[in-house]
Amino acid sequence: MARSYNKLWKLMIDKKMNKTQLRTTAKISSNAMAKLGRDESVPIETLEKICEVLRCDIGDIMEFLPEREELRK
């Protein structure tokens, strides 16, 4: 299964937060932010930090996609 963080980017827009603000507030690395931007796997601890800052659940920032949807990107 593939993953998508599109929900994260939409939530950040709603909360008027940019990537730099999220990275510094959640204390995550720039490498982790780059992986999120490429829909790559990141440690669950990173996702927990993001959820804490955004006051949301993990399902609010990511979703799993069937493989065939990944091919349509």
Side-chain angles (χ1 to χ4, degrees):
M1 284 206 141
R3 72 203 57 75
S4 171
Y5 298 106
N6 287 337
K7 289 181 171 185
L8 169 61
W9 312 128
K10 290 174 185 172
L11 184 58
M12 287 172 56
I13 290 168
D14 291 344
K15 294 190 179 264
K16 296 178 176 42
M17 180 177 276
N18 65 39
K19 290 180 181 182
T20 302
Q21 291 169 325
L22 177 63
R23 188 177 63 76
T24 56
T25 306
K27 297 181 177 135
I28 59 176
S29 68
S30 54
N31 186 43
M33 284 301 296
K35 285 183 174 190
L36 290 167
R38 295 188 302 265
D39 288 332
E40 294 179 2
S41 181
V42 295
I44 190 73
E45 292 82 7
T46 300
L47 300 175
E48 288 172 349
K49 289 177 183 179
I50 292 170
C51 287
E52 186 176 330
V53 167
L54 297 177
R55 293 190 174 113
C56 66
D57 189 42
I58 197 164
D60 297 327
I61 63 169
M62 72 168 294
E63 62 184 333
F64 290 105
L65 304 172
E67 290 297 325
R68 68 170 183 245
E69 285 187 30
E70 180 185 11
L71 297 174
R72 290 185 208 162
K73 286 185 180 179

- Message: If the condition is side chain to side chain contact (heavy atoms under 4.5 Å, CB included), which residues does N31 pass it with, not counting sequence neighbours?
- Response: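 N31 satisfies side chain to side chain contact (heavy atoms under 4.5 Å, CB included) with S29, K35 once adjacent residues are dropped.
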- Task: Spell out, yes or no, whether L36 and I13 are grouped together once hydrophobic residues are joined by side-chain heavy atoms under 4.5 Å, including indirect joins.
- Result: no
- Query: Quick one: does T24's side chain have a donor or acceptor within less than 3.5 Å of a partner on Q21's backbone?
  - Reply: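 Here the side-chain-to-backbone pair exists.
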- Please report the closest heavy-atom contact between I28 and M33, naming both atoms and the distance. CD1-SD, 3.5 Å
- Which residues share a side-chain hydrogen bond (donor to acceptor under 3.5 Å, both in side chains) with E40, sequence neighbours left out: R38
Tell me which donor-acceptor pairs under 3.5 Å the side chains of residues 49-65 have, and how far apart each pair is, sequence neighbours excluded?
unit_1	atom_1	unit_2	atom_2	d
K49	NZ	K27	O	3.4
D60	OD2	D57	N	2.9

